[in-house]
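It should be emphasised that the depicted structure is a prediction, and the values quoted were computed from it without experimental measurement.
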Amino acid sequence: MEFLTSNKVKDIVPNFFEQLDKKISQIEDKDTMIDLAKGNPDQPTPSFIIESLKKAVDVKSNHGYTPFDGKQNFLDAIARYYKKIYNVKIEAQKEILTFSGSVVGISAIPQIILNSGDYVITTDPCYPEYYTSVSLAGGKLYQLPITKKNHYLPELDKIPTEIVKQSKILLLNYPNNPTGATATEKFFEQAIEFGKKNKILVVNDFAYAAIGYGQQPISLLQIEGAKKYAVELNTLSKTYDMAGWRVGYVLGNESVITALKKYHSHVYSTVFGAIQDAATAGLDSDQAAARHIRDVYQNRRDVLVHGLRSLGWDVEKSQGTFFIWVKVPSGYSGQKFAELILEQANVVVAPGIGFGSSGKDYIRLSLTHDEKILKEVIKRFSALKY
C-alpha cells in the first residue's frame with residue numbers, strides 16, 4: 001500500500017545536492033571524473049582535534065546523554081572564541097545553543113519565528129536549503145537579486161513596503177555561498193537598522209566564517225546593538241574541516257535562543273559529548289590550523305581563477321568560501337554549459353540555477369581539490385568546443 005503524504009512533504013523540492021549525487025552516480029567514466037560541484041572539504045581535520053576526540057571517547061560521562069543546550073565546556077569555549085576573534089561578549093548559558101550542524105538552525109529558526117504566510121527575505125541566489133526550510137514552516141520567500149553590480153549585497157531599500165510588513169526574518173549568508181562575496185561593516189549596519197526599524201529578526205548564516213581572503217570576515221554580532229535584533233549560525237565544518245562530525249551552534253538574541261532551545265529539545269537530539277570536547281579543543285586553539293586551511297583554499301582560488309581568466313572566462317575572484325562563481329559564455333545557460341563541460345571534459349560543476357533564478361547564467365566551482373587537479377581542470381577546459 002502506498003500512503004499519501006502531507007501537502008508539506010509533497011511541496012518539498014528535490015534536494016539540489018542529492019540531484020547532483022544522482023547525476024554523478026550515472027557517469028560511466030568515474031576514474032577520470034573530477035567533481036567540482038559540491039563543497040565537501042578534502043583536507044584532514046587537524047590532528048590535535050582528532051587526538052582530543054580519541055581521549056574524550058574514553059571519558060565515561062560522554063557515553064550518556066549530553067545536555068540539550070550543549071556541554072558547559074563547549075558553550076564556554078564558543079563564548080571565549082567569539083570574544084577572542086570578534087570581540088563580542090556572549091553569555092554562554094543564555095545566548096548559545098549547540099546542535100548537530102548549523103543546517104539544524106537553518107531549519108529550526110523559521111519554525112520558531114514564522115506563522116503561516118509570513119515572509120522571509122533573502123538573496124537570489126542563495127543556499128538551496130533556504131527554500132525548503134521556509135516552506136516547511138509555512139512561510140514564503142522574498143528574494144533580492146545580488147549581482148556584480150551591487151557587489152552581491154542585497155539592496156534592502158528596494159523591498160516593497162507590503163512585503164516588509166509581512167516579513168519576520170531577514171536571512172543573510174556572508175561569506176556568501178555561491179558567489180563568494182563578503183559583507184561590509186556598512187551593509188551589516190544597514191541590516192541591523194532594517195531589523196530594528198521593522199521588528200524583523202536578522203540572521204547571518206556564518207558557515208564560512210574562517211574562510212576569508214585578504215581580511216577576516218566580520219560577524220554580524222560585531223555591529224553595535226546587534227544582539228537585540230539578530231542571531232548568527234556558525235559551524236566547525238569548514239573552519240576545521242569537520243564536515244562529517246556534525247557540530248554547529250547559533251548565538252545571539254536571548255529570546256530567540258530560548259525559543260530555539262524549547263523547539264530543539266523536542267525535535268532534535270544532542271551532540272556526542274566526545275565531539276563537543278574535541279570541538280572545544282579547536283575553538284580554544286591558537287587558530288593556526290584554521291589559518292592553514294584558509295591559506296590552502298586561497299592558493300587554490302588563485303590557481304583556478306588565473307587559469308580560467310587565461311581562457312577568457314568571466315570569473316569572480318571570491319572574497320571568501322571555497323567556491324568560485326563563473327559567468328558562462330554568451331549563448332549558454334549555466335545548466336547547458338554545465339552539461340557541455342561534463343560531456344566534453346568529464347568535470348562536474350554546479351549549475352547556478354540551483355541557487356536561484358539570478359544564477360541562471362552562472363556555474364559554481366568548488367576548491368575542494370588540490371592544485372594539481374585544478375590545473376588538470378584548466379587543461380580540460382582549454383579543449384572545450386563551444
Side-chain angles (χ1 to χ4, degrees), residues 16-44 125 148 152 175-181 208 211-214 238 241 243 291-355 359-386:
F16 176 62
F17 301 104
E18 184 181 8
Q19 289 178 298
L20 287 174
D21 283 339
K22 288 180 179 178
K23 177 175 284 191
I24 292 169
S25 70
Q26 295 168 359
I27 295 172
E28 293 182 6
D29 183 8
K30 290 187 176 61
D31 290 338
T32 65
M33 182 201 73
I34 299 174
D35 180 6
L36 297 186
K38 293 177 297 176
N40 192 11
D42 67 310
Q43 299 179 69
K148 187 175 182 179
Y152 298 103
N176 182 257
N177 175 15
T179 68
Y208 298 90
I211 306 178
Y213 310 126
K238 284 78 177 178
D241 283 330
R291 290 192 295 271
H292 170 74
I293 291 168
R294 176 206 61 199
D295 290 346
V296 168
Y297 286 129
Q298 182 166 349
N299 290 336
R300 293 176 181 181
R301 178 203 64 169
D302 293 344
V303 166
L304 188 56
V305 169
H306 175 76
L308 293 175
R309 286 178 174 175
S310 72
L311 301 178
W313 289 29
D314 185 354
V315 52
E316 301 291 328
K317 193 169 188 178
S318 57
Q319 299 170 312
T321 77
F322 44 59
F323 300 114
I324 300 294
W325 193 233
V326 182
K327 189 169 185 180
V328 301
S330 178
Y332 285 88
S333 67
Q335 181 71 51
K336 288 295 183 183
F337 200 62
E339 291 170 1
L340 181 145
I341 288 173
L342 179 57
E343 181 181 341
Q344 295 188 20
N346 205 23
V347 175
V348 185
V349 301
I353 192 65
F355 303 92
K360 64 182 177 62
D361 296 327
Y362 287 81
I363 54 175
R364 191 196 71 176
L365 280 61
S366 170
L367 298 172
T368 55
H369 289 284
D370 63 35
E371 293 178 24
K372 181 180 178 180
I373 292 177
L374 295 178
K375 289 176 180 178
E376 171 63 21
V377 168
I378 297 299
K379 180 181 177 181
R380 294 188 193 185
F381 285 179
S382 68
L384 292 174
K385 295 179 174 60
Y386 55 89

Quick check: do Ser318 and Phe323 have side-chain heavy atoms less than 4.5 Å from each other? no
Closest heavy-atom pair and its distance - Val326, Ile324: CG2-CG2, 3.7 Å
Hey, are the side chains of Lys327 and Tyr362 touching, using non-hydrogen atoms and a 4.5 Å cut-off? yes
Test applied, side chain to side chain donor-acceptor pair (under 3.5 Å); reference residue, Arg364; option that passes from Asn177, Thr321, Thr179: Asn177
Check Arg380 with Glu376, please: is the shortest side-chain N to carboxylate O separation under 4.0 Å? yes
What side-chain hydrogen bond (donor to acceptor under 3.5 Å, both in side chains) pairs are there with at least one residue in residues 291-307, not counting sequence neighbours? Asp42-Arg300
Angle class for the Phe381/Trp313 ring planes (parallel below 30°, perpendicular above 60°, tilted otherwise)? parallel
Start with the C-alpha distance between Leu308 and Leu365, add both sets of side-chain angles, then the distance that settles side-chain contact (heavy atoms from CB on, under 4.5 Å), and finish with yes or no. CA-CA 11 Å; Leu308 293 175; Leu365 280 61; 4.1 Å; yes
To the closest 0.5 Å, what do you measure between CG (Asp241) and CD1 (Ile293)? 4.0 Å
Residues forming a side-chain hydrogen bond (donor to acceptor under 3.5 Å, both in side chains) with Glu339, sequence neighbours excluded: Gln335
Minimum side-chain heavy-atom gap Leu374-Ile34 below 4.5 Å: no
Tell me which donor-acceptor pairs under 3.5 Å the side chains of residues 340-347 have, and how far apart each pair is, sequence neighbours excluded?
{"unit_1": "Gln344", "atom_1": "OE1", "unit_2": "Lys385", "atom_2": "N", "d": "2.8"}
{"unit_1": "Gln344", "atom_1": "NE2", "unit_2": "Lys385", "atom_2": "O", "d": "3.0"}
{"unit_1": "Asn346", "atom_1": "ND2", "unit_2": "Asp29", "atom_2": "O", "d": "2.8"}
{"unit_1": "Asn346", "atom_1": "ND2", "unit_2": "Thr32", "atom_2": "OG1", "d": "3.0"}

Val303 to Glu371 - nearest heavy-atom pair and separation: CG2-OE1, 3.7 Å
Of all the heavy-atom pairs spanning Gly39 and Phe322, show the shortest one and how long it is. CA-CE1, 3.5 Å
Once rounded to the nearest 0.5 Å, what's the spacing between atom NE2 of His369 and atom CG of Asn40? 9.0 Å
So, do Leu311 and Leu384 sit near enough that their side-chain heavy atoms are less than 4.5 Å apart? no
What heavy-atom pair brings Ala338 and Pro351 nearest, and what distance separates the two atoms? CB-CG, 4.0 Å
Could you tell me whether the side chain of Trp325 reaches within less than 4.5 Å of the side chain of Tyr152, counting heavy atoms only? yes
